[in-house]
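Computed from a prediction, not measured in an experiment: that's the story for all the values here. Order of appearance sets the numbers: ligands from 1, and atoms from 1 within every ligand.
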Amino acid sequence: TGSLQVSELAEKLSRESSEIIKKLMFSGVMATKNQDLDPDTIELICDEYGVKAEEEIVVDETDFENYISDDDPADLVERPSVVTIMGHVDHGKTTLLDSIRKTKVTAGEAGGITQHIGAYQVEENDKKITFLDTPGHAAFTSMRSRGAQVTDIAILVVAADDGVMPQTKEAINHAQAAEVPIIVAVNKMDKEGANPDRVKQELMEYNLVPEEYGGETIFVELSAVKGEGIDDLLEMIVLVSEVEELKANPNRLAMGTVIEAELDKGRGSVATLLVQNGTLNVGDPIVVGNTFGRVRAMVNDLGRRVKVAPPSTPVEITGLNGVPQAGDRFVAFDDEKKARQVGEARQQRMIEENRGEKAKVSLDDLFEQI
Ligand code: GTP
Ligand code: MG
């Protein structure tokens, strides 16, 4: 369903516009060539010609993962690694990211930098690296778990003066569950009381054994505040990325994950997406979680407008009909109608599930009262 102009309908039916206008007139509708026709009127005219108004697109599965086809290995090319910064609250994750960005972004670009999105890209030895920040507060377990799932490498930040703390352990669990390699960044080395050896001892309990003790885990000692050890860390990230042989197919419809999303007063729904495979283009029809639309505009990590987002790129997009949730998956479509159908089906399913949840809750409440 959707509207068509008289001339568009005429073209679809291989008729002259004037003929359609005449038919409409006989049905009591006065129309001009450029007039929009509603679905009912379109159907009426199509019936007159014995044509079905709409080709039916079968959405047999509302789960859009079905629209993701496998890639031919021949189409795969190298992609930037996605690196998630994890660790206990206040151990210096965000400061570390700021420090990396400061050393890596050229002076000319510096003016344009605002911490636009919680994800950004830097270049080290001609290799791009995409970084994602995560919060260390105990309440954000799901964000850390999600971070571990979309990432290729986890940087475990541990403050040298504080050692292994509850969310350090939690981050290790998420990364190990997702089978993601961990690089340990022993931070705050500038602080009095910094004790990197203690950190190493403590982490051995979690199978993170430094090379100096015969293990395989990379430890980098640094000070995010002073900018010391940052280059070592980047070098290690590049090394580990090379071992991972990370690949993607840029010549296909995009798919990936929502990093964050919110409702903006001026721009409406704004979502930060990590493109994990394919290339996302402005104008692409897209289903994001239970929302859908067309990519209206894309902004990169430097706050600049871009038209394309290749694999491993974080971008902020507008154009969705709702606000998706962090962690939702997205899939781009070649056909707007299909995107809308899949999106609507998912929205419908969500409404029904919510209703089911509510019904269950009130039933439970009822039983509790009996
Ligand atoms: P959450 O996001 O809340 O989990 O914290 P975080 O891990 O992002 O920590 P953040 O970067 O906000 O830093 C917390 C505090 O530690 C700030 O006051 C930083 O200035 C300080 N800090 C971070 N890195 C260093 C460091 O290398 N040395 C010293 N002395 N202080 C640091
Ligand atoms: Mg932080």
Side-chain angles (χ1 to χ4, degrees), residues 82-105 110 113-122 129-151 153-175 178 180 182-200 202-203 206 208 210 218-237 257-262 272 274 301 314 316 326-327:
V82 177
V83 177
T84 300
I85 314 287
M86 306 178 92
H88 193 73
V89 65
D90 276 353
H91 277 199
K93 298 175 291 297
T94 305
T95 309
L96 173 59
L97 275 177
D98 287 346
S99 184
I100 292 170
R101 207 165 34 163
K102 258 182 235 144
T103 47
K104 282 298 145 190
V105 175
I113 298 170
T114 40
Q115 174 91 27
H116 209 78
I117 53 189
Y120 66 90
Q121 256 184 359
V122 300
I129 307 169
T130 299
F131 285 99
L132 303 178
D133 196 3
T134 64
H137 191 275
F140 297 113
T141 299
S142 59
M143 277 187 79
R144 283 186 292 271
S145 152
R146 217 143 46 215
Q149 274 152 31
V150 300
T151 203
I153 299 170
I155 304 294
L156 182 69
V157 176
V158 187
D161 62 334
D162 204 22
V164 172
M165 299 302 277
Q167 270 61 56
T168 316
K169 295 176 200 168
E170 195 204 291
I172 296 170
N173 287 336
H174 289 312
V180 169
I182 296 173
I183 296 176
V184 180
V186 183
N187 189 31
K188 306 202 186 183
M189 285 299 291
D190 61 289
K191 273 187 103 170
E192 215 175 298
N195 189 347
D197 290 330
R198 196 188 80 194
V199 173
K200 286 173 191 164
E202 289 174 340
L203 284 176
Y206 301 90
L208 298 175
I218 298 169
F219 280 68
V220 180
E221 295 175 12
L222 49 86
S223 165
V225 157
K226 300 217 154 152
E228 286 163 9
I230 304 293
D231 284 328
D232 292 343
L233 178 65
L234 290 171
E235 218 171 279
M236 291 304 155
I237 292 171
T257 301
V258 178
I259 304 299
E260 54 197 18
E262 58 168 20
T272 303
L274 174 68
D301 54 335
E316 202 182 69

Should [X] and [Y] count as side-chain neighbours, where that means a heavy-atom distance under 4.5 Å?
{"X": "P166", "Y": "H88", "result": "yes"}
{"X": "K169", "Y": "V164", "result": "yes"}
{"X": "V158", "Y": "N187", "result": "no"}

Audit row: Q121, F131, side chain to side chain contact (heavy atoms under 4.5 Å, CB included) steps and yes/no: CA-CA 6 Å; Q121 256 184 359; F131 285 99; over 6 Å; no
Check: K226 main-chain N/O paired with S223 side-chain donor or acceptor under 3.5 Å: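 Such a contact is found between S223 side chain and K226 backbone.
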Numbered atoms and elements of ligand 1 in range of S223, under 4.0 angstrom, heavy atoms: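 Selected atoms, number and element: 27 (O).
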Those atoms of ligand 1 less than 4.0 Å from some heavy atom in K191: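 Contacts of ligand 1 toward K191, numbered from 1: 30 (N).
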Shortest non-hydrogen contact between [X] and [Y], atoms and distance:
{"X": "K93", "Y": "T134", "result": "CE-O, 3.2 Å"}
{"X": "A160", "Y": "V186", "result": "CB-CG1, 3.7 Å"}
{"X": "V150", "Y": "V82", "result": "O-CG1, 3.8 Å"}
{"X": "G163", "Y": "V199", "result": "CA-CG2, 4.1 Å"}
{"X": "V220", "Y": "L233", "result": "CG1-N, 3.9 Å"}
{"X": "G92", "Y": "A224", "result": "O-CB, 4.4 Å"}

What protein heavy atom lies closest to [atom]? Include the residue and the distance to one decimal.
{"atom": "atom 9 (O) of ligand 1", "value": "G92 N, 3.2 Å"}
{"atom": "atom 7 (O) of ligand 1", "value": "K93 NZ, 2.6 Å"}
{"atom": "atom 24 (N) of ligand 1", "value": "N187 ND2, 3.1 Å"}
{"atom": "atom 5 (O) of ligand 1", "value": "D90 N, 3.0 Å"}
{"atom": "atom 16 (O) of ligand 1", "value": "K188 NZ, 3.0 Å"}
{"atom": "atom 3 (O) of ligand 1", "value": "V89 CG2, 3.5 Å"}

Per-atom contact, atom 14 (C) of ligand 1, protein heavy atoms, under 4.0 angstrom: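 Answer yes: something from the protein, a heavy atom, is under 4.0 Å.
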Heavy atom of protein inside 4.0 Å of atom 18 (O) of ligand 1, strictly below: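 No, because not a single protein heavy atom sits under 4.0 Å from atom 18 (O) of ligand 1.
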N/O of [X] under 3.5 Å from N/O of ligand 1, yes or no?
{"X": "A224", "value": "yes"}
{"X": "T134", "value": "no"}
{"X": "V225", "value": "yes"}
{"X": "L96", "value": "no"}

Residue portion contacting ligand 1 (non-hydrogen atoms closer than 4.0 Å) for D190: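 For D190, only side-chain atoms sit under 4.0 Å from ligand 1.
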Ligand 1 contact on T95 by region, counting heavy-atom pairs under 4.0 Å: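 Answer for T95: both.
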Salt bridge (Lys or Arg N to Asp or Glu O under 4.0 Å) evaluation trace for D161 with K188: CA-CA 7 Å; D161 62 334; K188 306 202 186 183; 5.2 Å; no
Flag for H91-D162: side-chain donor and acceptor within less than 3.5 Å: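 Yes - a donor-acceptor pair under 3.5 Å links their side chains.
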Steps toward side chain to side chain contact (heavy atoms under 4.5 Å, CB included) verdict (V157, T168): CA-CA 8 Å; V157 176; T168 316; over 6 Å; no
The Mg ion (ligand 2): protein N, O or S atoms [distance under 2.8 Å]: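 For the Mg ion (ligand 2), the protein N, O and S atoms that sit under 2.8 Å away are T94 OG1.
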